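For reference, the structure is listed below as structure tokens.
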Amino acid sequence: MSDTLNRREFVMGGAAVGLAAAGAKQPKMDAPGVITGRRARPMVISDASGIEYTNGGPQNAVEKAFEMIAGGGDVLDAVVAGVNIPELDPTEAGIGYGGLPNERGVVQLDSCCMHGPKRQAGGVAALEGVRTPSLVAKAVMEYTDHHLLVGPGAQEFARNMGFTVEDDLNTENSRALWLEWKRRVDPNHYLDPAERTRRGYEAALAMMREGLIDQNHFWGTISCNGINAAGDICGVTTTSGLAWKIPGRAGDSPILGAGLYVDNDVGAAGSTGRGEANLYNLSSYLIVEKMRGGMSPKDAGLAALRRIKDNTVEARLLNSRGLPAFDVRFFVLNKKGDYAGVAMYGASERTFAICTENGAEAVPLEGLLDGSPLD
Ligand code: GLY
């Protein structure tokens, strides 16, 4: 930001450019550069990885996305450029390059994106070798008649679109953690699928309790939604998925309605956390539909968390208190730019990220339940 242009002037100016570029009717001007009667307050919302990671650069994801939105850029271009930062950051172990790999030690990435005003969407699942699956998801949206490409087909598409395809997206850190997990799991576990599931999950929970891996990285994901001054809404979700998953497992992140849903007339919801919970409950779609029915972003998000909690009955998924042994978080905004970050488990140190004309901020998540999923 230049010294001669303060943040508010920058936002207002950018909003005017955005409206003009969109061909929208220009609102009345009180004074040059000041817009009145805006329908929405431009903002960006994301999980905490949107503020915590900069890939060694000057900006985090929400700052990057907000700057582009305020400058009149396309909202999807903005949020994708934002999430590219943690995707490329080798110190972030749940997204893109260096994301925790599947059970064979291979990093497989999922992503989807939705363009609210264009009513377009794209996604990839189990994509190997491309550091920025969000850009491939966007290419699926822009260059195909489809919404989802998976596995080798997604990689072939990416190669054909000119993306660099690498042999291995592991970093030293993700490889070392995978080796530790592998060491703890019975090498014979494939002989008993039920036992394999229990042992694998318990080994991972123990590693979280011991502080070896962050819960945020086990189901690590970034979900980032944005709205511009014209009320146009776009969203993107990108992840390396569940750590040490069965090869080919796709979570909620590439699935429209599960890990992300955008309706330009209503709002957007994106998610991190246990993907299976969102696949079962189509939570992001549920949240947008609850907002369509009049609920606030916070109430809609909490309603989806309640639905997940009520549908979580298998003993292996419950903690010692009989509550879900996993976290799920939603990052929700509506057409007016009202927003909320909600989680199955809230605590002051668990935050999500926003960026407005006042800059980037870490905000505590509103929790449905107290304590930890691991208690
Ligand atoms: N939410 C990320 C995953 O479950 O894959």
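Indexing begins at 1, ligand by ligand and atom by atom, following the structure's order. Keep in mind that the numbers below use all heavy atoms, side chains included, and drop hydrogens, waters and symmetry copies. The model shown is predicted, which means the values in this text are computed figures rather than measured ones.
- No side-chain donor-acceptor contact under 3.5 Å links Thr171 and Asn173.
- Geometrically, ligand 1 and Arg249 share a nitrogen or oxygen pair separated by less than 3.5 Å.
- Residue-to-ligand polar distances keep Glu276 apart from ligand 1: every N/O pair is separated by 3.5 Å or more.
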Worksheet item: Between Cys112 and Leu256, does a side chain to side chain contact (heavy atoms under 4.5 Å, CB included) hold up when you go through it step by step?
Response: CA-CA 7 Å; Cys112 78; Leu256 308 180; 3.9 Å; yes
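- Proximity annotation for atom 1 (N) of ligand 1: of Gly251, Gly273, Ser253, Gly273 comes nearest, heavy atoms only.
- When heavy-atom distances to ligand 1 are checked against a 4.0 Å cut-off, Thr221 comes that close only through its side chain, counted from C-beta outward.
- Of all atoms in ligand 1, listed by their number and element, those nearer than 4.0 Å to a heavy atom of Leu242 are 5 (O).
- Glu361 CD to Cys355 SG: the interatomic distance, rounded to the nearest 0.5 Å, is 9.5 Å.
- For ligand 1, the atoms lying closer than 4.0 Å to a non-hydrogen atom of Gly241 are 5 (O).
- Proximity of Lys245 to ligand 1, defined as any heavy-atom pair under 4.0 Å, is not found for any part of the residue.
- Counted by atom type alone, Asn278 and Ser283 present one or more donor-acceptor pairs between their side chains at under 3.5 Å.
- A donor-acceptor contact under 3.5 angstrom links the side chains of Glu87 and Thr238, judged on distance only.
- Note: Trp244 and Trp181 have parallel aromatic rings, judged against thresholds of 30 and 60 degrees for the angle between ring planes.
- Listed by atom number, the atoms of ligand 1 under 4.0 Å from Asp252 heavy atoms are 1 (N), 2 (C), 3 (C), 4 (O), 5 (O).
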